[in-house]
Amino acid sequence: MNDPEIEITADLVHALLQEQHPDLAGLAICEVVGGWDNQQWRLGDELAVRMPRTKRAPDLQRKECRWLPVLAPRLPLPVPNPVRIGEPSERFPKPWTIMTWVPGEPLDHTSISRGDHAADTLAGFLRALHVEAPAEAPTSSDRGAHPKQYTDGFDHFFHAVALGGIADEVRAVWDDAVAAPEWEGPPVWVHGDLHPANVIVSDGTLSGVIDFGDMLAGDPAWDLAAAWVVLPAGGASRFFDVYAHADEAALRRARGLAALKSLILMLMGQNGDRGLPGGKPTWGPAGRAALDRVLQGSVM
């Protein structure tokens with residue numbers, strides 16, 4: 001997925017700033033470890049430069065620039081907001097963005113110690129986000145619909161991860177999600193990619209949400225899976241009590257999607273341990289912990 005012909009360095013970022021946004025070129029530039037579609041550089045204390053490094057990244061950035069200013073004002077947690085747009089040039093042939101910086105640490109590099117507070121915070125955030133999306137809102141072919149649309153993807157990750165004695169339990173959770181009734185409401189705004197690297201933690205609790213490149217209109221169960229993927233053990237029950245808008249079918253779909261997301265995190269962790277391109281060593285333990293929470297039981 002990465003473009004090997006473009007090396008994104010601090011010198012390149014500084015040169016682009018001097019060329020297009022000279023009033024910001026004097027701010028300190030520091031690379032931020034992580035990211036998948038975009039390579040991120042912190043710019044001063046309050047900004048971040050996001051440089052696309054996959055083929056799909058420019059489209060994801062354009063989506064964020066279009067819709068985050070619409071969503072951010074009614075969300076109860078800080079999220080990145082576009083401040084400036086970088087135009088393609090001879091130095092760098094893709095568009096890039098300058099966003100507000102969300103302070104704190106990604107959950108895959110820290111932990112939540114205030115579980116009840118985090119559950120309440122996540123529930124409040126998703127209640128504010130999950131409102132009916134306009135007709136022109138983006139959709140996606142690889143997320144946002146009923147789990148039965150993604151059985152091939154689940155099978156891929158299921159067989160790629162060494163599950164040992166828990167394989168039958170994991171399969172049963174997925175099969176139950178596939179058998180659950182579909183979402184009957186209108187498509188709502190969905191973040192689409194809530195996992196430990198995309199939620200920010202400060203003082204032991206959730207303090208921000210980042211990376212809205214996969215946002216779409218769809219089934220809220222895709223975000224409700226975060227009750228298991230993001231929150232510590234026991235947090236799911238409190239989360240759904242506070243969220244208060246999920247019926248039994250939504251819980252079943254969300255739990256299956258949480259199993260799928262856990263497997264994806266585990267495979268990314270395996271790839272990181274093996275030194276494979278795009279692997280994320282910190283994602284493996286986070287994925288296994290999430291899968292354990294999924295298997296500890298439902299909240300119904």
Side-chain angles (χ1 to χ4, degrees), residues 32-34 68 71-81 100-131 173 188-212 214-215 220-246 250-251 253-266 268-269 280 282-300:
V32 179
V33 176
L68 276 173
L71 296 176
R74 58 180 176 77
L75 297 177
L77 286 176
V79 301
N81 239 325
T100 55
W101 174 260
V102 179
E105 290 291 325
L107 181 56
D108 63 324
H109 288 281
T110 186
S111 61
I112 291 172
S113 57
R114 299 163 61 197
D116 287 351
H117 189 280
D120 295 351
T121 301
L122 181 62
F125 177 84
L126 291 181
R127 284 191 63 170
L129 176 63
H130 290 167
V131 300
V173 170
V188 302
W189 279 113
V190 175
H191 178 282
D193 200 24
L194 288 177
H195 61 74
N198 287 342
V199 296
I200 302 299
V201 173
S202 299
D203 299 322
T205 189
L206 295 184
S207 60
V209 177
I210 61 174
D211 198 348
F212 282 74
D214 287 305
M215 75 174 91
W222 279 84
D223 285 349
L224 300 180
W228 293 277
V229 176
V230 169
L231 297 175
S237 292
R238 184 179 180 103
F239 166 84
F240 284 109
D241 284 344
V242 176
Y243 182 81
H245 286 16
L251 292 173
R253 297 193 307 274
R255 189 168 174 237
L257 292 166
L260 171 61
K261 294 184 179 196
S262 299
L263 295 178
I264 295 171
L265 292 171
M266 291 172 68
M268 294 295 294
K280 306 286 186 182
T282 61
W283 290 18
R288 180 53 200 255
L291 190 59
D292 288 342
R293 294 191 290 268
V294 169
L295 298 181
Q296 285 172 2
S298 69
V299 296
M300 293 180 284

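Ring geometry for Tyr243 versus Phe240: interplanar angle over 60°, hence perpendicular rather than tilted (30 to 60°).
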Would you check, one step at a time, whether the test side-chain contact (heavy atoms from CB on, under 4.5 Å) holds for Val201 with Leu107?
-> CA-CA 6 Å; Val201 173; Leu107 181 56; 3.9 Å; yes

Step by step, work out the side-chain contact (heavy atoms from CB on, under 4.5 Å) result for Leu68 and Met215.
-> CA-CA 9 Å; Leu68 276 173; Met215 75 174 91; 3.9 Å; yes

In sequence, state the C-alpha distance, the side-chain angles, and the governing distance for Asp223 and His130, and then conclude on side-chain contact (heavy atoms from CB on, under 4.5 Å).
-> CA-CA 9 Å; Asp223 285 349; His130 290 167; 2.9 Å; yes

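When all heavy atoms of Leu265 and Pro196 are compared, the pair lying nearest together is CD1-CD, 3.8 Å. Contact detail for Leu291 and Ser262: the closest heavy-atom pair is N-OG, 3.4 Å. In terms of heavy-atom proximity, Leu129 sits nearest to Trp189 at O-CB, 3.3 Å. Heavy-atom minimum distance, Val79 versus Val102: C-CG2, 3.7 Å. When every heavy atom of Gly104 is checked against every heavy atom of Ser202, the shortest pair comes out as CA-OG, 3.4 Å. In this structure, Ser207 and Pro78 approach most closely via the heavy-atom pair O-CD, 3.1 Å.
Put simply, the side chain of Ile200 reaches to within 4.5 Å of the side chain of Pro106, judged on heavy atoms. At least one side-chain heavy atom of Leu206 sits less than 4.5 Å from a side-chain heavy atom of Val230. Put simply, the side chain of Pro103 reaches to within 4.5 Å of the side chain of Trp101, judged on heavy atoms. Annotation: side chain of His195 is not in contact with side chain of Lys261 (no heavy-atom distance under 4.5 Å). Counting only heavy atoms from C-beta outward, the side chains of Trp228 and Leu295 never approach each other to under 4.5 Å.
The backbone N or O of Val294 sits less than 3.5 Å from a side-chain atom of Arg255, completing a donor-acceptor pair. Formation of a donor-acceptor pair under 3.5 Å by the Arg74 side chain with backbone atoms of Ala128 is found in this model. Under a 3.5 Å cut-off, the side chain of His191 and the backbone N or O of Asp211 do form a donor-acceptor pair. A donor-acceptor contact shorter than 3.5 Å links the side chain of Thr100 to the backbone of Asn81. Under the 3.5 Å distance criterion, the side-chain polar atoms of Arg288 are left unmatched by any main-chain donor or acceptor of Trp283.
Between the CZ atom in Arg114 and the OG1 atom in Thr205 there is a gap of 5.0 Å [rounded to 0.5 Å]. In this structure, NE2 in His245 is found 4.0 Å from CZ in Arg127, a value given to the nearest 0.5 Å. To the nearest 0.5 Å, atoms CD1 (Ile210) and CG (Leu77) are separated by 12.5 Å. The CZ atom of Phe212 sits 7.0 Å away from atom CG of Leu71, with the distance rounded to the nearest 0.5 Å. The CG atom of Leu257 sits 12.0 Å away from the CG atom of Leu194 when rounded to the nearest 0.5 Å. For the atom pair Asp193 CG and Trp222 CH2, the distance stands at 9.5 Å (nearest 0.5 Å).
With sequence neighbours left out, Phe125 forms a ring-ring contact (aromatic ring centres under 6.0 Å, His included) with no residue at all.
Note on Asp120 versus Arg238: salt bridge recorded, some NZ/NE/NH1/NH2 to OD/OE distance being below 4.0 Å.
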